[in-house]
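Report on one structure; see the data block that follows.
Naming convention: chains lettered A, B, ... in sequence-line order (proteins, then strands); numbering from 1 in each chain.
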2 protein chains.
Amino acid sequence: MFRISTVVDFAEKSCMAGIREQKKSATRKAILIAAVRLFAEKGVEQTSMEELARAAGIGKATIYGYFSTKKEIFLAYCEEEVAYAFSILERKQDEDAPLTEQLVGLMIAQLTYVTSNREFGRLFAREIMFPGEQTTLASHDLDRHYMQRLMGALSRGQGRSELPADCDLLLLMGHLHALYLFSLSLFYQGDLANMDEAEILLRALVMQTLNGLTALLHADTQEAERWEELKLIFLLRRHLKFE
Amino acid sequence: MFRISTVVDFAEKSCMAGIREQKKSATRKAILIAAVRLFAEKGVEQTSMEELARAAGIGKATIYGYFSTKKEIFLAYCEEEVAYAFSILERKQDEDAPLTEQLVGLMIAQLTYVTSNREFGRLFAREIMFPGEQTTLASHDLDRHYMQRLMGALSRGQGRSELPADCDLLLLMGHLHALYLFSLSLFYQGDLANMDEAEILLRALVMQTLNGLTALLHADTQEAERWEELKLIFLLRRHLKFE
DNA sequence: ACATAAAGTCGACTCTGGTCGACTTTATTG
DNA sequence: CAATAAAGTCGACCAGAGTCGACTTTATGT
């Protein structure tokens with residue numbers, strides 16, 4: 001679940017420096033705090049700007065001096081959350097684990113985090129993957145950060161000869177990111193019920209990518225078995241949903 | 001660009017059969033026709049339900065007897081478009097081309113189609129990949145159809161020994177779909193400026209999937225060169241966007 | 001300290017998606 | 001051909017996102 005304190009701390013540290021009077025923009029804090037609480041309690045749609053304003057102790061029109069749309073409030077919150085999530089991720093990562101494990105671990109951690117609140121995750125994913133014309137997520141930092149981490153894992157893997165020396169790491173990175181997005185989408189389409197299923201799928205996909213098309217056959221039989229099971233579940237679910 | 005006639009024809013053929021009196025639901029037609037025109041002319045957001053109703057020659061409240069939300073109108077339209085697009089795709093496909101070409105061709109065709117109207121494509125993609133709780137796209141038929149076609153191409157490829165006999169086709173299909181989604185997302189994030197770029201990327205990714213991590217090295221040098229160029233463009237764009 | 005500008009605040013308003021309930025048309029049945 | 005039910009239609013309304021302009025507070029210059 002999402003935390004309140006972090007959001008606020010991040011907001012404060014990030015932008016302002018000298019001008020003391022801008023402490024007034026503690027109002028921004030108040031808005032975000034109220035937003036997090038209400039959004040989590042009643043959902044984004046079900047929270048009106050009027051309510052939100054009152055919860056923050058200000059008038060509705062005042063909000064628009066800080067955020068220009070409701071969506072912007074939501075995204076401001078999400079960005080800070082994601083930044084925080086990364087900082088957690090960093091600590092968890094085991095740089096000496098086999099490459100596949102590192103990659104799957106990274107993806108699962110992020111997946112878990114993003115979907116910890118279903119609605120938030122959905123809105124966020126929509127906005128990130130298919131941004132509106134005006135939406136300028138400041139999260140390009142985050143993107144970069146994420147890519148650097150992924151790239152780091154790949155380079156280390158290459159150093160340890162888990163990857164061919166002449167392998168195109170950028171392409172591979174994109175490739176892996178594609179797998180992550182795919183899993184996220186499957187989750188929201190109801191094909192993946194939980195993170196255990198996601199992990200089975202991701203492991204199969206990553207192995208297929210790194211070790212070739214028939215990788216599963218040459219791997220851990222338990223892994224292969226799990227995937228076979230999951231496959232059946234997929235087919236079943238698709239059928240049920242349609243009839 | 002999107003056509004009007006097809007939408008309507010599809011709508012009519014699909015649902016009704018005996019009951020003549022339901023010809024009254026030509027109103028549905030009228031709504032969709034008006035919607036297509038107005039949505040395309042002024043954009044979805046910029047078209048009000050009032051306008052839409054008037055353009056269809058009815059009162060606003062009447063619309064809600066046919067569609068329960070604005071989004072539903074939009075999606076109804078999209079679904080029919082996509083069904084139509086598939087029927088076109090079918091004719092184009094060359095079952096004897098090399099597998100990579102077939103796959104890339106299929107993806108590019110779909111990509112081209114979906115993005116032929118930027119806004120429509122974005123909204124559609126959002127809804128398909130991260131559907132809301134209540135959104136029940138009837139497009140599971142379409143999904144199935146799409147998957148069957150992909151699977152068909154893969155099976156044929158396997159028959160021709162372009163794929164190992166013991167390769168997991170379902171997993172591979174998911175994998176390929178992931179690459180498609182990734183490209184679509186990159187397009188909307190501004191990393192891909194046009195379909196030529198998309199094709200270079202997709203070809204590189206598909207080759208990496210089918211032929212292994214170092215596939216590009218062993219391939220057509222021209223292909224590899226194009227990808228190297230595109231890589232530079234990516235890095236450049238990401239930088240520019242941030243500063 | 002005062003004047004003036006700038007920033008912040010908010011009540012009242014507009015606009016639009018969606019609902020409600022009364023009204024009109026069409027179909028059914030004895 | 002009524003009588004009655006069912007479906008279709010829409011004016012009037014509601015709620016919520018976002019805007020406007022007047023008012024209040026704070027900062028700046030003299």
Quiz item: A:K60 side-chain donor-acceptor pair to D:dG18 base, under 3.5 Å: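 Answer yes: a donor N or O sits under 3.5 Å from an acceptor.
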
Test applied, ring pair (Phe, Tyr, Trp, His ring centres under 6.0 Å); reference residue, A:Y77; option that passes from A:F120, A:Y84, A:F67: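 Exactly one option meets the ring pair (Phe, Tyr, Trp, His ring centres under 6.0 Å) with A:Y77, and it is A:F120.
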
cation_pi(A:R118, A:F187) dist<6.0 Å, angle<=45: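 Here A:R118 passes the 6.0 Å and 45° test against A:F187.
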
Sugar-phosphate only, base, or nothing, as touched by A:T62 at under 4.0 Å among non-hydrogen atoms: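 If one applies the 4.0 Å heavy-atom cut-off, A:T62 turns out to touch a base.
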
Touch class at under 4.0 angstrom, heavy-atom based, for B:I58 against every strand present: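 Touches sugar-phosphate only.
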
Donor-acceptor under 3.5 Å (A:Q46 side chain, A:K42 main chain):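 No: the side chain of A:Q46 does not pair with the backbone of A:K42.
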
A:G57 vs B:A61, nearer the 5' end of DNA chain C by closest nucleotide: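 On the 5' side of the pair lies A:G57.
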
Proximal nucleotide (of [options]) relative to the [X] side chain:
X	options	answer
B:T27	C:dG17, D:dT9, D:dA17	D:dT9
B:R54	C:dG17, D:dG11, D:dT9	D:dG11
B:Y66	C:dG17, D:dT9, C:dT9	D:dT9
B:T69	D:dG18, C:dG18, C:dG17	C:dG18

Distance check needed: [N] [atom2] versus [X] [atom1], whole Å only.
X	N	atom1	atom2	answer
A:M49	C:dG11	CE	P	15 Å
A:I63	C:dG8	CD1	P	15 Å
A:Q46	C:dG18	CD	P	13 Å

N-O pairing of A:D191 and A:R238 below 4.0 Å: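 Yes, charged N to carboxylate O under 4.0 Å.
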
